K.L.:
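Below you will find the structure I want to go over with you.
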Amino acid sequence: MAADFPDSVDVLVAGAGPAGLAAALDLCAAGARVLVVDARARLGHPLRCGEVTRPAALETFGLEPRPGWVRWSIRAPFEQVVLDRPRLEHDLGQIVAQRGGLLRPGTTVSAVGPFDGGGRTVTLARGPARPQVRARVVIAADGVAAGVARLAGLDTRLPLDQLAACLAYRLVDVSMADTSRFYHLKRPALHPFYFWIIPSGPREANVGLAVSARRGHAAAALLEEEVRLRPELRGGRRRDAIVGLAPSAPPLATPYADGLLVVGTAARLIDALTLEGIWHAAVSGRAAARVCRELGAQAPTAARLAPYRAAIAELYPALEAAAARRAAVEGRRER
Ligand SMILES: Cc1cc2nc3c(=O)[nH]c(=O)nc-3n(C[C@H](O)[C@H](O)[C@H](O)COP(=O)(O)OP(=O)(O)OC[C@H]3O[C@@H](n4cnc5c(N)ncnc54)[C@H](O)[C@@H]3O)c2cc1C
C-alpha cells in the first residue's frame, strides 16, 4: 500500500462535487470500500457555481439538511434554495469519512488502466507520489473536464461552441428591492444564455452570465456593463469572482463502460441553456451508487452497469430538448 492509499477498493470516486459525494455517501452507508479523490486541495474551493437549485437536491443526498447548507431561499419565479456549496461539500466529505470512506483531496486521477475483467487500475497524482489503486468500478465525477472517462476510453471531448463560459461576481452591500426573486435577464449579446441575479442574502447577490466559450473573452466586458447599468447593484462590493466552463451539449448517450460509470456534469447531465446541474449531479450520483450496490460480486462489465443509464433515463428528455433548443439558436447541428 502506497502511503495513505489502499491497494484496492470497491469503488474509486474521481471528483468530490455533488455527484461524487452523493455516490460516496450512499456506497459508504452500504459498507462498500470507497476512495474519493479530488484535484482540489479543499472541497468546495474555489466555488464555480451560482449555487441555486431545487430544494429536492438536498433531499437527494439522503441526509437531514443542516441549516448552514442553505444561504438563502428564493420564492419566485419558483421555489429554489441557494446553497453554501463550500460548506455543504466540506460537511458531506466529513460524513463520507465518518461512514468509513477514504477521502483524499489534492489528488488527481492521471491514468485509468484497461478493464481486466474484474476492474481497472487507476494511477493517481498527489504531489510527487504516483500511487496506483485497483478499483472494481471507477465513478467519473470530475465535472466539465470529463477527463477521467476520456482516460478510460470514452470520447468526451467537446468543441468550444458546445461549452459555455461563465463569469459571476458575489456582490455584497447591494440594495435589491426583492431578494426573494431569481432574475433571468435576456440580452441579445448573450442569447441563448442570459444575465442572472441570484440573491444570496439580505444584501448579497451572485450576478453573472454565460456566453458561448468561443466568445469567452467578451464575458468580462459584458458583465461589467450589466452591473454598471443596474442601480441596485451599483454600490455593491465584489467579494469573489467566479469563473468556469459548463457543457452546453446533450448528455452522453452511453455514460458507462466496463468498470466505469460517468455521473453529473462529466456525463453532461446539465441543462444546456440554464446550466442547472447540481440536482442532476446528485440524482445521477445516487443512481450510480445503487447500480454498484446491486452489482454485488458480479464482474463490473458494461452490460452489468447498463442499468445506470435506465436509472437516469428520466433526466434525458428535458436535457436533450434544452441542448436541441440551444443548437437551433446557434444555427448549427450537434455533433
Ligand atoms: C459559473 C457557473 C455557475 C453555475 N451555477 C449553477 C447554479 O446556480 N445551479 C446549478 O444547478 N448549477 C450551476 N452550475 C453547474 C454546476 O456547478 C454543475 O453542474 C455541478 O457542480 C456539477 O456537479 P459535479 O459533481 O458533476 O461536478 P463538479 O461540481 O464540477 O465537481 C467535479 C470535481 O472533480 C474534480 N476533478 C476534476 N478533474 C479531476 C481529476 N482528474 N481527478 C480528480 N478530481 C478531479 C474537480 O476538482 C471538482 O471538485 C454552474 C456552473 C458554472 C460554471
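Read the numbers this way: they start at 1 and go in the same order the structure lists the ligands and their atoms. Just so it is clear, the structure is predicted and the values come from calculations on it, not from any experiment.
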K.L.:
Any N/O of Ala19 closer than 3.5 Å to an N/O of ligand 1?
P.N.:
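Looking only at distances, the answer is yes, because the N/O contact criterion of under 3.5 Å is met.
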
K.L.:
Compute whether any side-chain donor of one residue and acceptor of the other, for Arg150 and Thr156, lie under 3.5 angstrom apart.
P.N.:
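Per modelled atom types, Arg150 and Thr156 side chains form a pair under 3.5 Å.
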
K.L.:
Is Val243 close to ligand 1, meaning an N/O of one under 3.5 Å from an N/O of the other?
P.N.:
no

K.L.:
For Thr53 and ligand 1, does the shortest N/O to N/O distance drop below 3.5 Å?
P.N.:
no

K.L.:
Could you tell me whether the side chain of Asp84 and the main chain of Val70 form a donor-acceptor pair under 3.5 Å?
P.N.:
no

K.L.:
Nearest heavy-atom pair of Val96 and Ala24: which atoms, and what distance?
P.N.:
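Minimum heavy-atom contact is CG2-CB, 3.9 Å.
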
K.L.:
Determine whether any heavy atom of Gly147 lies closer than 4.0 Å to an atom of ligand 1.
P.N.:
no

K.L.:
Specify whether Tyr194 and Trp196 have parallel, tilted or perpendicular ring planes, treating 30° as the upper limit for parallel and 60° as the lower limit for perpendicular.
P.N.:
perpendicular

K.L.:
Just need the protein heavy atom nearest to atom 6 (C) of ligand 1, so name the residue and atom and give the distance.
P.N.:
Cys49 SG, 3.3 Å

K.L.:
At a 4.0 Å threshold, what atoms of ligand 1 neighbour a non-hydrogen atom of Glu276?
P.N.:
10 (C), 11 (O), 12 (N)

K.L.:
Can you check whether Asp38 has an N/O within less than 3.5 Å of an N/O in ligand 1?
P.N.:
yes

K.L.:
Starting from atom 51 (C) of ligand 1, locate the nearest protein heavy atom and write down its residue, its atom name and how far away it is, to 0.1 Å.
P.N.:
Arg48 O, 3.7 Å

K.L.:
Between Arg42 and His90, is there a donor-acceptor pair closer than 3.5 Å when you use the side chain of the first and the backbone of the second?
P.N.:
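Side chain of Arg42 to backbone of His90, a donor-acceptor pair under 3.5 Å: no, none is there.
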
K.L.:
Could you tell me whether the side chains of Glu294 and Tyr308 share a donor-acceptor contact shorter than 3.5 Å?
P.N.:
no

K.L.:
Which residue and atom name correspond to the protein heavy atom nearest atom 39 (C) of ligand 1, and how close is it?
P.N.:
Asp142 CB, 3.7 Å

K.L.:
Of all heavy-atom pairs between Thr108 and Ala39, which one has the smallest distance, and what is that distance?
P.N.:
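Heavy atoms of Thr108 and Ala39 come nearest at OG1-CB, 3.6 Å.
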
K.L.:
Cut-off 3.5 Å, no hydrogens considered: what does the side-chain donor-acceptor table look like for residues 25-33, sequence neighbours left out?
P.N.:
from, atom 1, to, atom 2, distance (Å)
Asp26, OD1, Arg293, NE, 2.8
Asp26, OD1, Arg293, NH2, 3.2
Asp26, OD2, Arg286, NE, 2.7
Asp26, OD2, Arg286, NH2, 3.4
Asp26, OD2, Arg293, NH2, 3.4
Arg33, NH1, Ser8, O, 3.1
Arg33, NH1, Ser8, OG, 3.4
Arg33, NH2, Asp10, OD1, 3.3

K.L.:
With a cut-off of 4.0 Å, which atoms of ligand 1 are near a heavy atom of Leu275?
P.N.:
10 (C), 12 (N), 13 (C), 14 (N), 15 (C)

K.L.:
Please list the nearest protein heavy atom to atom 4 (C) of ligand 1 with its residue and the distance rounded to 0.1 Å.
P.N.:
Gly50 N, 3.3 Å

K.L.:
Strictly under 4.0 Å, does any heavy atom of Leu21 approach an atom of ligand 1?
P.N.:
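The answer is no, since Leu21 has no heavy atom less than 4.0 Å from ligand 1.
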
K.L.:
Has ligand 1 got any nitrogen or oxygen that is less than 3.5 angstrom from a nitrogen or oxygen of Val52?
P.N.:
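N/O-N/O distance under 3.5 Å: yes.
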
K.L.:
If we only count N/O pairs under 3.5 Å, is Val109 in contact with ligand 1?
P.N.:
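It does: an N or O of Val109 is found under 3.5 Å from an N or O of ligand 1.
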
K.L.:
Any idea which protein heavy atom is nearest atom 27 (O) of ligand 1, and the distance to it?
P.N.:
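In this structure, atom 27 (O) of ligand 1 has Gly143 CA, 3.6 Å as its nearest protein heavy atom.
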
K.L.:
What atoms in ligand 1 come closer than 4.0 Å to a heavy atom of Thr107?
P.N.:
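So the answer, numbered in order with elements, is 43 (C).
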
K.L.:
Going by the atom numbers of ligand 1, which of them fall below 4.0 Å from some non-hydrogen atom of Gly264?
P.N.:
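It comes down to these atoms of ligand 1: 26 (O).
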
K.L.:
Specify the protein heavy atom at minimum distance from atom 18 (C) of ligand 1: its residue, its atom name, and the distance to 0.1 Å.
P.N.:
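Nearest neighbour among protein heavy atoms for atom 18 (C) of ligand 1, to 0.1 Å: Thr265 OG1, 3.4 Å.
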
K.L.:
What heavy-atom pair brings Arg136 and Ala297 nearest, and what distance separates the two atoms?
P.N.:
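Closest approach of Arg136 to Ala297, heavy atoms only: NH2-C, 3.9 Å.
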
K.L.:
Taking distance alone, no hydrogens or angles, what donor-acceptor pairs closer than 3.5 Å link side-chain atoms of residues 212-223 to residues at least two apart or in another chain?
P.N.:
from, atom 1, to, atom 2, distance (Å)
Ser212, OG, Arg214, N, 3.3
Arg215, NH1, Ala189, O, 2.8
Arg215, NH2, Ala189, O, 3.4

K.L.:
Any donor-acceptor pair under 3.5 Å linking the side chain of Thr107 with the backbone of Pro105?
P.N.:
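Yes: the side chain of Thr107 pairs with the backbone of Pro105.
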
K.L.:
Would you check the N or O atoms of Pro18, main chain and side chain alike, for any that come under 3.5 Å of an N or O of ligand 1?
P.N.:
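Yes.
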
K.L.:
Among all the protein's non-hydrogen atoms, which is closest to atom 29 (O) of ligand 1, and how far away is it?
P.N.:
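Looking only at protein heavy atoms, the one closest to atom 29 (O) of ligand 1 is Arg85 NH2, 2.9 Å.
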
K.L.:
Please find the pair of heavy atoms, one from Leu63 and one from Arg99, that lie closest to each other, and give the distance.
P.N.:
CD2-NH2, 3.2 Å

K.L.:
Compute the minimum heavy-atom distance from Thr108 to ligand 1 and say whether it is under 4.0 Å.
P.N.:
yes

K.L.:
How close do Thr60 and Ala56 get, heavy atom to heavy atom, and via which atoms?
P.N.:
OG1-O, 2.7 Å

K.L.:
Has Ala168 got any heavy atom lying under 4.0 angstrom from an atom of ligand 1?
P.N.:
no

K.L.:
Any nitrogen or oxygen of Ala16 lying under 3.5 Å from a nitrogen or oxygen in ligand 1? Just yes or no.
P.N.:
no

K.L.:
In ligand 1, which numbered atoms sit nearer than 4.0 Å to a non-hydrogen atom of Leu245?
P.N.:
53 (C)

K.L.:
Which atom pair, heavy atoms only, marks the closest approach of Pro255 to Tyr316?
P.N.:
CG-OH, 3.5 Å

K.L.:
Suppose I only count heavy atoms of Ile270 and a 4.0 Å limit; which atoms of ligand 1 are within that range?
P.N.:
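Selected atoms, number and element: 15 (C), 19 (O).
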
K.L.:
Taking a cutoff of less than 4.0 Å between a non-hydrogen atom of the residue and any ligand atom, is Leu43 in contact with ligand 1?
P.N.:
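In this structure, Leu43 fails to qualify as a contact of ligand 1 - no heavy atom is under 4.0 Å.
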
K.L.:
One pair to check against salt bridge (Lys or Arg N to Asp or Glu O under 4.0 Å): Glu224 and Arg238. What are the steps and the verdict?
P.N.:
CA-CA 12 Å; Glu224 292 294 338; Arg238 285 170 205 179; 3.1 Å; yes

K.L.:
Identify the protein heavy atom lying closest to atom 32 (C) of ligand 1, giving its residue, its atom name and the separation to 0.1 Å.
P.N.:
Ala141 O, 3.3 Å

